[in-house]
A.B. asks: 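Right, I'll just put the structure down here and ask away after.
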Amino acid sequence: MPELPEVETTLRGIRPYLEGRTLQAIDVRDRRLRWPVPETIQQAVGARITSLQRRAKYMILETDAGGDLLIHLGMSGSLRVITDRSGPRKHDHFDLVTDSAIVRYNDPRRFGALLWVNPPRGEHELLAHLGPEPLGDEFSGDLLFDRSRGRRVAVKNFIMDGRVVVGVGNIYATEALFMTGIHPNRAAGRVSRARYGALAEAIRDVLARSIRQGGTTLRDYVNSDGAPGYFALDLLAYGRDGKPCFQCGAGMRHKVIGQRSSFYCPRCQR
DNA sequence: ACAGTAACCTGTTTGC
DNA sequence: TGCAAACAGGTTACTG
């Protein structure tokens, strides 16, 4: 479900309720997530959460207890701030409890994660091999160009590879390729430097705009207030199979590339 | 190193 | 209407 804008929106929503606060409890109702939730997370209880960060689609809750909590939302995870003492519902797998609120994790498909990470964080196996942040300074069209030489993988899969650049999921990869007129199935090594420059800009642009709209809700994504994101209204390509291209009017196509649904204009995207 | 595929899981939508 | 298949925003692990 959540790509970078949805994770960022969630992080911003929970930050006021967690940053600077002491964790009173972590109540785990079901440890069967992507990896079993380890007992070591209890080291965070009684600790102060000093700051909340995001790396790729991981949320990092830094504590003063010599480690950090790592949360990933997987495909169907969401975090909501509970202030009214309402009881847990189906798929509410764990709560982070402070004196002011409960941050409650819901995840029907259980592809998400809650882990305890000891510093140095950069050496943790999950974070060690991640590419640059798309909204950061290291990311550029030149980087994409350089890393793609000789690669035959579809350019869409290439930009979704977290070792190349993080945070670009199926929706935003689809959108950025449409925005730049690049066919999603084109070999990554056969895209010019100039077009990678435009693609990098499109990736930044679409992610930044989506964050401003609170992310994209296709079916069940909600932010920490339980509200949907509104970027779905701005989608130019994703889910528009058979509908006219906004650019040229031709019928948009659907094709599965690398096991993921892709949408593109057969005339505009080459 | 690279490319392609299967797997993890549940809920909803689609097609016969 | 009912039932089974297909599909869904992510990531890792395995194969050749």
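Throughout, a chain's letter reflects where its sequence line sits, starting with A, and its residues are numbered from 1.
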A.B. asks: Whom does B:dA7 pair with, Watson-Crick or G-U wobble, provided both distances fall under 3.5 Å?
C.D. replies: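 Pairing partner: C:dT11.
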A.B. asks: Does B:dC9 have OP1 or OP2 sitting under 4.0 Å from an N or O in the side chain of A:Arg32?
C.D. replies: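 No, A:Arg32 has no side-chain N/O under 4.0 Å of OP1/OP2 on B:dC9.
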A.B. asks: Check every atom of C:dT12, C:dT11, B:dG11 against the side chain of A:Arg260 and return the nucleotide holding the closest atom.
C.D. replies: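 It is C:dT11.
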A.B. asks: Between A:Tyr172 and A:Ser210, do the side chains contain a donor N or O and an acceptor N or O under 3.5 Å apart?
C.D. replies: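 Present: a donor and an acceptor within the cut-off.
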A.B. asks: How far, in whole Å, is B:dC9 from C:dC14 if one measures between their P atoms?
C.D. replies: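 Looking at atom P only, C:dC14 and B:dC9 are 15 Å apart.
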A.B. asks: Could you let me know what B:dA1 is paired to, Watson-Crick or G-U wobble, both distances under 3.5 Å, or none if it's on its own?
C.D. replies: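 None - no nucleotide pairs with B:dA1, as no candidate has both distances under 3.5 Å.
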A.B. asks: For A:Phe246, does the six-membered ring have the charged nitrogen or CZ of A:Arg240 within the cation-pi criterion, i.e. under 6.0 angstrom from the centroid and within 45° of the normal?
C.D. replies: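 Output yes; distance and angle both within limits.
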A.B. asks: Could you check how far CZ of A:Arg89 sits from P of B:dG11, rounded to whole Å?
C.D. replies: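 For the pair A:Arg89 CZ and B:dG11 P, the rounded distance is 15 Å.
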A.B. asks: Specify whether A:His93 and A:Tyr105 have parallel, tilted or perpendicular ring planes, treating 30° as the upper limit for parallel and 60° as the lower limit for perpendicular.
C.D. replies: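 Geometry flag for A:Tyr105 against A:His93: tilted rings.
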A.B. asks: Rounded to whole Å, please give me the gap between CZ in A:Arg151 and P in B:dG4.
C.D. replies: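 One finds 10 Å between P of B:dG4 and CZ of A:Arg151, rounded.
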A.B. asks: Establish, with yes or no, whether the OP1 or OP2 oxygen of C:dG10 is under 4.0 angstrom from a side-chain nitrogen or oxygen of A:Arg109.
C.D. replies: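 So the side-chain polar atoms of A:Arg109 never come under 4.0 Å of the phosphate oxygens OP1 or OP2 of C:dG10.
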A.B. asks: Looking at the side chain of A:Val153, which of B:dC8, B:dG4, C:dA8 is the nearest nucleotide?
C.D. replies: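 Selected nucleotide: B:dG4.
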A.B. asks: Would you say a side-chain N or O of A:Ser261 is under 4.0 Å from OP1 or OP2 of C:dA8?
C.D. replies: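 Result: yes.
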A.B. asks: For the pair made of CD in A:Glu125 and P in C:dA13, what is the distance, rounded to whole Å?
C.D. replies: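 From A:Glu125 CD to C:dA13 P: 8 Å.
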A.B. asks: Atom CZ of A:Arg55 to atom C1' of C:dG10: distance rounded to whole Å?
C.D. replies: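 Atom-to-atom, A:Arg55 to C:dG10, this comes out as 16 Å.
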A.B. asks: Is there ring stacking between A:Phe111 and B:dC8, where the centres must be under 5.5 angstrom apart and the planes under 30 degrees?
C.D. replies: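 So yes, this residue stacks on that base, both cut-offs being met.
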A.B. asks: Under a 3.5 Å distance rule, please check whether A:Asp27 uses its side chain to pair with a backbone N or O of A:Val97 as donor and acceptor.
C.D. replies: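 Pair absent, no side-chain N/O of A:Asp27 close to backbone of A:Val97.
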A.B. asks: Can a side chain N or O of A:His72 be found less than 4.0 Å away from OP1 or OP2 on C:dT11?
C.D. replies: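 For C:dT11, OP1 or OP2 has a side-chain N or O of A:His72 closer than 4.0 Å.
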A.B. asks: Nearest whole angstrom, please: distance from the P of C:dT12 to the CG of A:Asn157.
C.D. replies: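 Going from A:Asn157 (CG) to C:dT12 (P), I get 15 Å.
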A.B. asks: Write down the distance between CH2 (A:Trp35) and C1' (B:dA7), rounded to a whole number of angstrom.
C.D. replies: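 Distance check: A:Trp35 CH2 to B:dA7 C1' gives 13 Å.
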A.B. asks: Between A:Gln259 and A:Arg149, who's closer to the 5' end of DNA chain B by nearest nucleotide?
C.D. replies: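 On the 5' side of the pair lies A:Arg149.
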A.B. asks: NZ of A:Lys156 versus C1' of B:dG4: gap in Å, rounded?
C.D. replies: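 Rounded to whole Å, this separation is 15 Å.
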A.B. asks: Please check if the side chain of A:Arg186 supplies one atom and the backbone of A:Gln269 the other of a donor-acceptor pair under 3.5 Å.
C.D. replies: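 Side chain of A:Arg186 to backbone of A:Gln269: no pair is present.
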A.B. asks: For the pair made of CD in A:Glu6 and P in C:dA8, what is the distance, rounded to whole Å?
C.D. replies: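 My rounded result for the distance is 16 Å.
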A.B. asks: Is any side-chain N or O of A:Lys90 closer than 4.0 Å to OP1 or OP2 of B:dT10?
C.D. replies: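 Checking B:dT10 against A:Lys90, no side-chain N or O comes under 4.0 Å of OP1 or OP2.
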A.B. asks: Could you tell me how far C:dC7 sits from B:dT5 if I compare only their P atoms? Round to whole Å.
C.D. replies: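 About 15 Å, rounded to a whole number of Å.
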A.B. asks: Should the pair A:Arg80-A:Asp92 be classified as a salt bridge under the 4.0 Å nitrogen-to-oxygen rule?
C.D. replies: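 The answer is no: the pair does not qualify as a salt bridge.
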A.B. asks: Is it the case that C:dT11 (base atoms only) and A:Arg34 (side chain only) share a donor and an acceptor within less than 3.5 Å, ignoring hydrogens and angles?
C.D. replies: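 Side chain to base: pair present.
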A.B. asks: Does a nitrogen or oxygen in the side chain of A:His129 sit under 4.0 Å from OP1 or OP2 of C:dT12?
C.D. replies: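 No, no such contact exists.
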A.B. asks: Look at the side chain of A:Asn170 and decide which nucleotide, out of C:dG10, B:dT10, C:dT12, has an atom nearest to it.
C.D. replies: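 The listed nucleotide nearest to A:Asn170's side chain is C:dG10.
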A.B. asks: Closest to the A:Glu3 side chain: C:dG10, C:dC7, B:dA3?
C.D. replies: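 Closest nucleotide among those given: C:dG10.
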